[in-house]
Amino acid sequence: MGAFKMAQANGAAIVPMSISHADKVQPLDYAFPAKASLMKPKAVIKIGKPIPTEGKTDEELIEEVWNAIADGLPESQKPAKGTPVSVKN
């Protein structure tokens, strides 16, 4: 059971978290996180408002959480327009 399903089953809210500039802390070409003594990288974690799960379909919940996470990112890191919110099986 996934985290969303567990939250829905228990009536718990989902708290969206946006992490910006994580690529500065863990660049793609690094095997380990960047050393602070060399680059002093900083990531920012923004904790959003809890999103109630009750009465929402899976698709509605995924879209609401996706949008909340994207809203917490700087413009340079927001998903491109037209990026699919989820993949339907």
Can I get a per-line list of side-chain donor-acceptor pairs under 3.5 Å for residues 9-18, giving both atom names and the distance, sequence neighbours left out?
from  : atom 1 : to    : atom 2 : distance (Å)
Asn10 : ND2    : Met6  : O      : 2.9
Ser18 : OG     : Ile69 : O      : 2.6

Show which side-chain atoms of residues 60-68 pair as donor or acceptor with protein atoms under 3.5 Å away, not counting sequence neighbours.
from  : atom 1 : to    : atom 2 : distance (Å)
Glu60 : OE1    : Thr57 : N      : 2.9
Glu60 : OE1    : Thr57 : OG1    : 3.4
Glu64 : OE1    : Lys56 : NZ     : 2.7
Glu64 : OE2    : Lys56 : NZ     : 3.4
Asn67 : ND2    : Glu63 : O      : 3.2

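Considering only residues two or more places apart in sequence or on other chains, Asp58 meets the salt bridge (Lys or Arg N to Asp or Glu O under 4.0 Å) condition with Lys5.
Expressed to the nearest 0.5 Å, how far OG of Ser20 lies from NZ of Lys42 amounts to 12.5 Å.
At most 12 non-hydrogen atoms from other residues, nucleotides or ligands lie less than 6.0 angstrom from NZ of Lys46.
The hydrophobic clustering, which links ILVMFWY residues whose side-chain heavy atoms are closer than 4.5 Å, places Ile47 and Ile19 together.
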